[in-house]
There are 2 protein chains.
Amino acid sequence: MPSIDFDLRQLEIFCKVVELRSFSKAAEAVFLAQASVSERISNLEEAVGTRLLDRLGRTVVPTKAGEILYRHAIRLLEMRQKARLELEDFLGMKKGEIRIGGSTIPGEYILPGLIAQFHKKYPMVSVNLIIGDSKDIVQRVLDGDIELGIVGYKKSHPNLLYHALWDDELVLAIPNDHRWAQRPSVALDELLRERFILRETGSGTLKITEEFLGIQGINSLNVVARLGTSTAVKEGIKAGLGVSLISLWAVKAEVEKGILKALKIDGFPMHRSFYLLKHKKRSTSPLCQAMVDFLQATSEDKEGSRVGTKE
Amino acid sequence: MPSIDFDLRQLEIFCKVVELRSFSKAAEAVFLAQASVSERISNLEEAVGTRLLDRLGRTVVPTKAGEILYRHAIRLLEMRQKARLELEDFLGMKKGEIRIGGSTIPGEYILPGLIAQFHKKYPMVSVNLIIGDSKDIVQRVLDGDIELGIVGYKKSHPNLLYHALWDDELVLAIPNDHRWAQRPSVALDELLRERFILRETGSGTLKITEEFLGIQGINSLNVVARLGTSTAVKEGIKAGLGVSLISLWAVKAEVEKGILKALKIDGFPMHRSFYLLKHKKRSTSPLCQAMVDFLQATSEDKEGSRVGTKE
DNA sequence: TTATTGAATAGGTGTTCCCTATTTGTTAGA
DNA sequence: TCTAACAAATAGGGAACACCTATTCAATAA
């Protein structure tokens, strides 16, 4: 025997009939002909296997079974409405949640301020920022765990899309009492003799550093420590542990306060980009798209690095 | 713009696809062709206005919007299931509630015991017994406030159906120390000289008494009191206030204990029936029908008064 | 009783649901 | 890199369904 079956449209009509105590009034309310209401109610009654409404001449009244169904129908229709509203809000970017990820430098130094701006524009949207090393962020984008990533280097992969967002420069950060403190730049071979701090593997900054210096360059460095985060690296520099190549973004505040000095390497400009990173196959939610647009706008304000994301 | 629309069937299919991460597996699970699932999902996506599933080659994964919909869909489907189960239980008479009404005599003396028996047969059914005077019970049946009534007289009405259930006899109840205490019966004109207690208007017993004695008979009675309930009448009799014509059912216990005596009126048998009473137009719920069948069975056991209620 | 009101039924049309067969596109293995 | 295998999309077609208008049937009210 087929289990009792009904769809939401039927329930909607049924509820209207119960509430208005009339087939014809209900028909009007749901923009149907009276005959169609009769028919649907009669289908519903057949599906449930019992009479649901007593037609008492002038008025219509639910049977006991009808009352039971009505109680549930109301709740079902309310739930449908809630689902609709939440979807509409989400699609209309009125509210919802985005999960994005940033590697250390963007995640700690760039994105927090931008998210604050974004939040002003979309107050009901909650932005969930995951911070990890670049490798981790890339993996999460591939897994669909986050919709968007911002990382400091490009690792090509068939399912990944990259867009350059902002420029960055690696600078040589030294303590303000360092003997080089008054110099604007140093030569590369001077650097090789200096105590040097590196980040751990998985870091984009390390990857970029390796790219610039080459493997042999890295190997000839006088590495005194490998530290997990750029904050740790900065603290190491301040404490006189050594110097390091680090993102300009990461030391901006300290340089402005005079706590650290940022030097260039003679004739060796170390520019790189931060990239916005998406899954190629997964679709972009409207909120995510809003974030993408927003981030691209911030990059256009500053430099000319731009790529279209909307198809 | 037409609001986001979906029906439960679509949601069911959608959920299966999400859970099994596959269109074809879902198709199997809901006994459809794979093409049909594709089509319905695509309709659903059109209705919602966004992509709900990302087809990532081998596997299928919900989008953000899909996740939102899925969360709600699960709850909606659970609710449908709950509604189904409750209806099935109700229709299968496994559980539920019946509201019935009894006038004083049946309500106080007959039904409580029968309801106890009924409860043994249908333990999950809660029986709600409303006690009132016959007039009140009739009105409640007409209003649909109760599904069933059991009353002591028949008031014909186009929307009411009556079935005789049990026989009753009006007896003359007197205190055990009354001068008639040893007699089996008295003559009608002896009665007219005796102090007499009557029930109030609305009572079926009063109505029947009037029917038997006739208006002039009633008027020539020596009425010392009109009391609201038969319990009150009995107490009045015990206290020597007077005598009364009362249902045999009401004094059965007292007669057996010897507290009251029940006499007949010479050559004047006062039999009446209790009637089961239903609305003609309103449909009978399965539980109510079970109660009807049960009550009729009890009457068949005792006497031959029977009328079919099942159409 | 008749007029009125409201639900049911009849008959017809367009849409939707579901099917099978086929195409398209992705993934895994030679 | 090409091919085989697999999964979803598309095409085409038939049955069922949802809706319509027009009419009939039933119940109340005058």
Side-chain angles (χ1 to χ4, degrees), chain A residues 2 5-14 16-48 51-63 66 142 144 157-160 279-283, chain B residues 2 5-14 16-48 51-63 66 142-144 157-161 279-283:
Chain A
D5 204 13
F6 41 76
D7 68 38
L8 291 171
R9 178 77 174 146
Q10 274 176 306
L11 294 184
E12 197 173 5
I13 296 170
F14 171 71
K16 272 276 172 287
V17 174
V18 171
E19 284 153 18
L20 300 174
R21 304 185 163 281
S22 154
F23 281 57
S24 37
K25 294 224 185 68
E28 213 176 310
V30 298
F31 306 106
L32 282 182
Q34 167 264 313
S36 307
V37 173
S38 278
E39 206 183 333
R40 297 215 68 159
I41 294 293
S42 130
N43 287 345
L44 182 59
E45 290 182 326
E46 200 177 329
V48 175
R51 186 146 270 236
L52 296 168
L53 296 164
D54 280 332
R55 287 77 160 168
L56 307 178
R58 181 122 325 206
T59 163
V60 177
V61 142
T63 63
L142 282 171
H157 183 287
N159 284 340
L160 291 178
H279 197 287
K280 193 182 281 177
K281 306 276 180 70
R282 292 181 197 270
S283 52
Chain B
D5 204 14
F6 41 76
D7 67 37
L8 292 169
R9 178 72 173 148
Q10 274 176 306
L11 294 184
E12 196 173 6
I13 296 169
F14 172 70
K16 272 276 173 287
V17 174
V18 171
E19 284 153 18
L20 300 173
R21 304 185 163 278
S22 152
F23 281 57
S24 38
K25 294 224 186 70
E28 214 175 309
V30 297
F31 305 106
L32 283 180
Q34 166 262 314
S36 307
V37 172
S38 278
E39 205 183 334
R40 298 214 67 157
I41 294 293
S42 132
N43 288 343
L44 182 60
E45 290 183 325
E46 201 176 330
V48 175
R51 187 146 269 236
L52 296 168
L53 297 165
D54 280 331
R55 288 76 160 170
L56 306 179
R58 181 127 319 210
T59 166
V60 176
V61 143
T63 63
L142 283 171
D143 292 347
H157 182 287
N159 283 340
L160 291 178
L161 274 175
H279 197 286
K280 193 184 280 176
K281 308 275 181 70
R282 293 182 196 268
S283 51

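These figures come from a predicted structure and were not determined experimentally. We name chains A, B, ... by the order of the sequence lines, and we start the count at 1 in each one.
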K.L.:
Take the protein atom CG of B/Leu52 and the nucleotide atom P of D/dA9, then report the distance between them rounded to whole Å.
P.N.:
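The answer, rounded to whole Å, is 12 Å.
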
K.L.:
Indicate, with a heavy-atom threshold strictly under 4.0 Å, whether B/Val60 touches base, sugar-phosphate, or nothing.
P.N.:
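Sugar-phosphate, backbone atoms only, no base.
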
K.L.:
Just the rounded figure in Å: distance from C1' of D/dA27 to NE2 of B/His279.
P.N.:
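Rounding to the nearest Å, NE2 of B/His279 and C1' of D/dA27 are 13 Å apart.
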
K.L.:
Using whole Å, report how far CG of B/Leu44 lies from C1' of C/dC17.
P.N.:
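Distance check: B/Leu44 CG to C/dC17 C1' gives 15 Å.
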
K.L.:
Any side-chain N or O of B/Lys281 less than 4.0 Å from the OP1 or OP2 oxygen of D/dT28?
P.N.:
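B/Lys281 to D/dT28 OP1/OP2: side-chain N or O found under 4.0 Å.
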
K.L.:
What distance do A/Leu160 atom CG and A/Lys281 atom NZ have between them, rounded to the nearest 0.5 Å?
P.N.:
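Going from CG on A/Leu160 over to NZ on A/Lys281, the span is 10.5 Å.
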
K.L.:
In whole angstroms, how far is the C1' atom of D/dA8 from the CD1 atom of B/Ile41?
P.N.:
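Atom CD1 in B/Ile41 sits about 12 Å away from atom C1' in D/dA8.
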
K.L.:
Taking atom types as they are modelled, would you say the side chain of B/Gln34 forms a donor-acceptor pair with the base of D/dA7 within the 3.5 Å cutoff?
P.N.:
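No, no donor-acceptor pair under 3.5 Å.
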
K.L.:
Between atom CG in B/Asn159 and atom C1' in D/dA26, what is the gap in whole Å?
P.N.:
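To the nearest whole Å, that distance equals 13 Å.
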
K.L.:
Take B/Leu142 and B/Asn159 through the side chain to side chain contact (heavy atoms under 4.5 Å, CB included) test and state the conclusion after the steps.
P.N.:
CA-CA 7 Å; B/Leu142 283 171; B/Asn159 283 340; 4.0 Å; yes

K.L.:
Taking only N and O in the side chain of B/Asn43, is any of them less than 4.0 Å away from OP1 or OP2 of C/dC17?
P.N.:
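For B/Asn43, the contact criterion (side-chain N or O under 4.0 Å from OP1 or OP2 of C/dC17) is met.
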
K.L.:
The side chain of B/Arg40 lies closest to which of these nucleotides: C/dT9, C/dA21, C/dC18?
P.N.:
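Per side-chain heavy atoms of B/Arg40, the pick is C/dC18.
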
K.L.:
How close do A/Leu8 and B/Phe6 get, counting heavy atoms only, and between which atoms?
P.N.:
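Nearest pair, atom of A/Leu8 first, then B/Phe6: CD1-O, 3.7 Å.
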
K.L.:
Which of these nucleotides, D/dC20, C/dC17, C/dT9, is closest to any side-chain atom of B/Glu39?
P.N.:
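Of D/dC20, C/dC17, C/dT9, C/dC17 is nearest to the side chain of B/Glu39.
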
K.L.:
Classify the side-chain pair A/Ser38/A/Gln34 by whether it contains a donor and acceptor separated by less than 3.5 Å.
P.N.:
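Yes - a donor-acceptor pair under 3.5 Å links their side chains.
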
K.L.:
Looking at C/dA7, I'd like to know if its phosphate oxygens (OP1 or OP2) sit under 4.0 Å from a side-chain N or O belonging to A/Ser22.
P.N.:
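The answer is yes; a side-chain N or O of A/Ser22 sits under 4.0 Å from OP1 or OP2.
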
K.L.:
Whether B/Ser38 contacts D/dA8 is assessed here as follows: a side-chain N or O lying under 4.0 Å from the phosphate OP1 or OP2. Is that the case?
P.N.:
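B/Ser38 to D/dA8 OP1/OP2: no side-chain N or O under 4.0 Å.
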
K.L.:
Nearest of D/dA27, C/dA10, C/dA7 to any side-chain atom of A/Ala35?
P.N.:
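From the listed options, C/dA10 comes nearest.
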
K.L.:
Of B/Gln10 and A/Ser42, whose closest DNA chain C nucleotide lies nearer the 5' terminus?
P.N.:
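In this pair, the answer is A/Ser42.
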
K.L.:
Specify the separation, in whole Å, of atom CZ of B/Arg9 and atom C1' of C/dT16.
P.N.:
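To the nearest whole Å, that distance equals 13 Å.
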
K.L.:
Look at the side-chain N and O atoms of A/Ser24 and state whether any lies under 4.0 Å from the OP1 or OP2 oxygen of C/dA7.
P.N.:
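So the side-chain polar atoms of A/Ser24 do come within 4.0 Å of the phosphate oxygens OP1 or OP2 of C/dA7, strictly under.
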
K.L.:
Side chains of A/Asp54 and B/Ser283: is there a donor and an acceptor less than 3.5 Å apart?
P.N.:
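B/Ser283 and A/Asp54 do have a side-chain donor-acceptor pair below 3.5 Å.
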
K.L.:
Is any side-chain N of the basic residue among A/Glu28 and A/Lys25 closer than 4.0 Å to the acidic one's carboxylate O?
P.N.:
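No salt bridge links A/Glu28 with A/Lys25.
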
K.L.:
Choose from D/dA8, C/dA7, C/dT5 the nucleotide whose nearest atom is closest to any side-chain atom of A/Arg58.
P.N.:
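Closest of the options to the side chain of A/Arg58: C/dT5.
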
K.L.:
Take the protein atom CZ of B/Phe23 and the nucleotide atom P of C/dT23, then report the distance between them rounded to whole Å.
P.N.:
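Rounded to the whole Å, the gap is 21 Å.
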
K.L.:
Measure the distance from NZ on A/Lys280 to P on C/dG25 and round it to the nearest whole Å.
P.N.:
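To the nearest whole Å, that distance equals 16 Å.
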
K.L.:
Can you see if the side chain of B/Ser36 gets near the phosphate of C/dC17 - specifically, an N or O under 4.0 Å from OP1 or OP2?
P.N.:
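The answer is no; no side-chain N or O of B/Ser36 sits under 4.0 Å from OP1 or OP2.
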
K.L.:
Can you tell me which nucleotide in C/dC17, C/dA7, D/dA9 comes closest to the side chain of A/Arg55?
P.N.:
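So the nucleotide nearest the side chain must be C/dA7.
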
